[in-house]
Amino acid sequence: MTDIEELLLSRIRDVADYPEPGVMFKDITPLLADPAAFTALTDTLAGIAGRTGATKVVGLEARGFILGAPVAVRAGLGFIPVRKAGKLPGATLSQAYDLEYGSAEIEVHAEDLTAGDRVLVVDDVLATGGTAEASIQLIRRAGAEVAGLAVLMELGFLGGRDRLAGALAGAPLEALLKI
């Protein structure tokens, strides 16, 4: 295990039976509250942005905003929020996707992504991959290229990586921690 992995893991709290019995929730708020750990996380993700040649960072609502915005600043890139439907005031592109029970929709401002953009998607957790897959589709529909996906942690037992293999079309998926 690397030093960064040890640091990040040491600042993630397990919360049993949240949000429902049988679930072990991974709480990142202690990591965010620790300036050294949050800086190390931001620097590591900004390094990924640099290696992928990203020109913009997309953060997925809501924790992807917390991680993606400082990564964009550190890497000298623009930050684009991908929001739940109905939260953005301007003209938007939207993408619907299926959840375990039902469906959801995400949106981005239509003018925020262009054909010349290479976009790194940043989020806290890769679980089943549904939201990440929808964001990749949305980025491509906006005419931009997907430079990659970077997450703090991947819950490997939920199969998100396999689900995203086709959607990423060779773009890297980097998870700092695999659980």
Side-chain angles (χ1 to χ4, degrees), residues 1-49 51-52 54 57-75 79-84 87 95 97-106 119-136 138-139 146-165 167-168 171-179:
M1 182 176 297
T2 67
D3 289 345
I4 185 74
E5 289 171 327
E6 285 184 32
L7 174 62
L8 298 175
L9 274 174
S10 75
R11 301 306 189 275
I12 296 172
R13 174 177 46 208
D14 286 342
V15 181
D17 299 320
Y18 183 83
E20 58 186 52
V23 173
M24 181 63 72
F25 184 78
K26 300 293 186 183
D27 180 14
I28 67 167
T29 58
L31 186 156
L32 300 174
D34 180 324
F38 194 15
T39 298
L41 171 60
T42 300
D43 289 347
T44 302
L45 292 172
I48 293 169
R51 285 194 308 275
T52 63
V57 172
V58 156
L60 305 182
E61 189 165 349
R63 289 181 299 267
F65 296 176
I66 297 168
L67 303 184
V71 166
V73 169
R74 180 70 54 137
F79 175 76
I80 311 297
V82 169
R83 306 270 340 246
K84 294 175 183 170
K87 301 289 185 179
Q95 182 68 46
Y97 62 102
D98 291 328
L99 299 168
E100 187 175 352
Y101 300 102
S103 63
E105 191 172 359
I106 55 175
V119 181
L120 177 67
V121 178
V122 173
D123 206 3
D124 65 329
V125 175
L126 173 62
T128 63
T131 307
E133 182 178 42
S135 72
I136 290 166
L138 191 59
I139 290 162
V146 176
L149 170 65
V151 296
L152 168 57
M153 66 185 126
E154 175 183 352
L155 305 179
F157 60 93
L158 292 176
R161 182 176 291 269
D162 291 338
R163 176 180 183 162
L164 292 175
L168 283 166
L173 189 170
E174 297 202 37
L176 303 184
L177 303 171
K178 293 180 182 161
I179 310 234

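What you see is a predicted model; the values in this text were computed from it and never measured.
Counting non-hydrogen atoms of neighbouring residues, nucleotides and ligands closer than 6.0 angstrom, the CZ atom of Arg63 reaches no more than 12 such neighbours. Residue Phe25 places its CZ atom among more than 12 non-hydrogen atoms of other residues, nucleotides or ligands, all under 6.0 Å distant. The 12-atom threshold is not exceeded at CG of Asp3, counting heavy atoms of other residues, nucleotides or ligands nearer than 6.0 Å.
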Criterion side chain to side chain contact (heavy atoms under 4.5 Å, CB included) on Ile139 and Val82, from CA distance to verdict: CA-CA 10 Å; Ile139 290 162; Val82 169; 5.8 Å; no
Chi angles and distances behind the side chain to side chain contact (heavy atoms under 4.5 Å, CB included) call for Leu158, Arg163: CA-CA 10 Å; Leu158 292 176; Arg163 176 180 183 162; over 6 Å; no
From CA spacing to verdict: side chain to side chain contact (heavy atoms under 4.5 Å, CB included), Phe79, Val122: CA-CA 10 Å; Phe79 175 76; Val122 173; over 6 Å; no
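In this structure, NZ on Lys26 lies 7.5 Å from CE on Met153, to the nearest 0.5 angstrom. Interatomic distance, CD1 of Ile136 versus CG of Leu173, reported as 7.5 Å (0.5 Å rounding). With rounding to the nearest 0.5 Å, the separation of CD in Glu174 from CD1 in Ile48 is 4.0 Å. To the nearest 0.5 Å, atoms CD1 (Ile28) and CZ (Arg13) are separated by 11.5 Å. Once rounded to the nearest 0.5 Å, the distance linking CG of Leu177 with OG1 of Thr2 reads 8.0 Å. Atom-to-atom distance recorded for Asp124:CG and Asp27:CG is 10.5 Å, nearest 0.5 angstrom.
A distance-only check finds a donor-acceptor pair linking the side chain of Asp17 to the backbone of Gly22 [under 3.5 Å]. A donor-acceptor pair under 3.5 Å is formed between the side chain of Ser10 and the backbone N or O of Leu7. Checking side-chain atoms of Gln95 against main-chain N and O of Ala134 turns up no donor-acceptor pair under 3.5 Å.
Thr131 and Tyr97 get closest at one heavy-atom pair: OG1-OH, 3.1 Å. When all heavy atoms of Asp123 and Leu67 are compared, the closest pair comes out as O-CD1, 3.8 Å. Here the shortest heavy-atom pairing between Ile4 and Leu41 reads CD1-N, 4.3 Å. The minimum heavy-atom distance between Leu8 and Ala37, with the atom names listed, is CD2-O, 4.0 Å. For the residue pair Arg161 and Ala175, the shortest heavy atom distance occurs at NH2-CB, 4.2 Å. In this structure, Leu60 and Ser135 approach most closely via the heavy-atom pair CD2-CB, 3.5 Å.
Ile12 is listed as a side-chain neighbour of Leu152, based on a closest heavy-atom distance under 4.5 Å. Between Leu164 and Leu126 the shortest side-chain heavy-atom distance falls below 4.5 Å.
Put simply, the residue from Lys87, Lys84, Arg83 that forms a side-chain hydrogen bond (donor to acceptor under 3.5 Å, both in side chains) with Glu61 is Arg83.
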